[in-house]
Amino acid sequence: MSLVPPPQTSGSEEDAQLIDERKRKRMLSNRESARRSRMRKQQHLDDLLSQVARLKEENSQISMQVNLLTEQYARLDSENTVLRTQVMELTDRLRSLNSVLHLVEELSGMAMDIPEIPDPILKPWQHACPAIMASANVFQC
């Protein structure tokens, strides 16, 4: 049996093969790193797009709430204006009735308990005349 000696390679060829192997491994490592980086970027983009969609929906809901509240405010403001006008009219009527009561008091000589009417604009939380109880039809024109 004859033994064939292994092919003899010089040290520089082994070095070149070793360098080629390292280059190949580095290229594979770089490709894998780039692939992972692209996947992370894609995931980040997907997350951002999802967040944009969620924020747009939230913004739309808030906008609808603002519109509803604005309409409600306008309605309440209008009702408040009507009520303030009614308070002023009723206050004027009460003042007129108080004037009549003062005249009756002076002419008849009878003492009457005539309460003061507070200014409804300055103190809207107070009733105009808490001591006077009257039915609704007393003040009708």
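Worth knowing before you read on, the calculation uses all heavy atoms, side chains too, and leaves out hydrogens, waters and symmetry mates. Just so it is clear, the structure is predicted and the values come from calculations on it, not from any experiment. Count residues from 1 along the sequence.
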**Q** Do Gln42 and Asp46 meet the criterion of a side-chain donor-acceptor pair at a distance under 3.5 Å?
**A**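 The answer is yes; a qualifying pair exists.
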**Q** Could you tell me whether a side-chain N or O of Ser78 sits under 3.5 Å from a main-chain N or O of Ala74, the two making a donor and an acceptor?
**A**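 No, the answer is negative, given that no donor and acceptor are paired below the 3.5 Å cut-off.
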**Q** Do the non-hydrogen side-chain atoms of Leu83 and Gln86 ever get within less than 4.5 Å of each other?
**A**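 They are in side-chain contact.
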**Q** Run the salt-bridge test on Arg36 and Glu32 with the 4.0 Å N-O cut-off and return the result as yes or no.
**A**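 Yes, charged N to carboxylate O under 4.0 Å.
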**Q** Which value, rounded to the nearest 0.5 Å, describes the distance between Ser33 atom OG and Leu28 atom CG?
**A**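 CG of Leu28 is found 12.5 Å from OG of Ser33.
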**Q** Could you tell me whether a side-chain N or O of Ser96 sits under 3.5 Å from a main-chain N or O of Asp92, the two making a donor and an acceptor?
**A**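 Flag set: sc Ser96 to bb Asp92 pair under 3.5 Å.
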**Q** So how far is it from Leu68 CG to Ser63 OG, rounded to the nearest 0.5 Å?
**A**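 Reported value, rounded in 0.5 Å steps: 9.5 Å.
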**Q** As a quick check of understanding, evaluate side chain to side chain contact (heavy atoms under 4.5 Å, CB included) for Val87 and Arg84, giving each step before the final call.
**A** CA-CA 5 Å; Val87 164; Arg84 284 179 196 267; 5.6 Å; no
**Q** Could you pull out all donor-acceptor pairs under 3.5 Å where a side-chain atom in residues 48-61 meets a protein atom, sequence neighbours excluded?
**A**
unit_1, atom_1, unit_2, atom_2, d
Glu57, OE2, Gln61, NE2, 3.2

**Q** Using the salt bridge (charged side-chain N to carboxylate O under 4.0 Å, His left out) criterion, which residues pair with Arg24? Sequence neighbours excluded.
**A**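 Partners of Arg24 by the salt bridge (charged side-chain N to carboxylate O under 4.0 Å, His left out) criterion, ordered by chain and then number, come out as Glu21.
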**Q** Go through the steps for Glu89 and Thr85 under the test side chain to side chain contact (heavy atoms under 4.5 Å, CB included), then give the verdict.
**A** CA-CA 6 Å; Glu89 289 173 1; Thr85 303; 3.7 Å; yes
**Q** Could you please spell out the steps behind the side chain to side chain contact (heavy atoms under 4.5 Å, CB included) verdict for Asn30 and Arg26?
**A** CA-CA 6 Å; Asn30 286 345; Arg26 196 174 326 115; 4.0 Å; yes
**Q** If you compare all heavy atoms of Glu105 against all heavy atoms of Met110, which two are closest, and at what distance to 0.1 Å?
**A**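 Scanning both residues, the minimum pair turns out to be CG-O, 3.0 Å.
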**Q** Give the C-alpha distance, both sets of side-chain angles, the deciding distance and a yes or no for side chain to side chain contact (heavy atoms under 4.5 Å, CB included) between Leu76 and Glu79.
**A** CA-CA 5 Å; Leu76 290 174; Glu79 288 176 25; 4.1 Å; yes
**Q** Got a donor-acceptor contact below 3.5 angstrom from the Ser29 side chain to the Lys25 backbone?
**A**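 No.
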**Q** Got Arg38 and Arg35 here, is their nearest side-chain heavy-atom distance under 4.5 Å?
**A**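 Sidechains of Arg35 and Arg38: in contact.
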**Q** Rounded to the nearest 0.5 Å, how far does CZ of Arg95 lie from CG of Leu97?
**A**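 Between Leu97 CG and Arg95 CZ, I get 12.5 Å after rounding to 0.5 Å.
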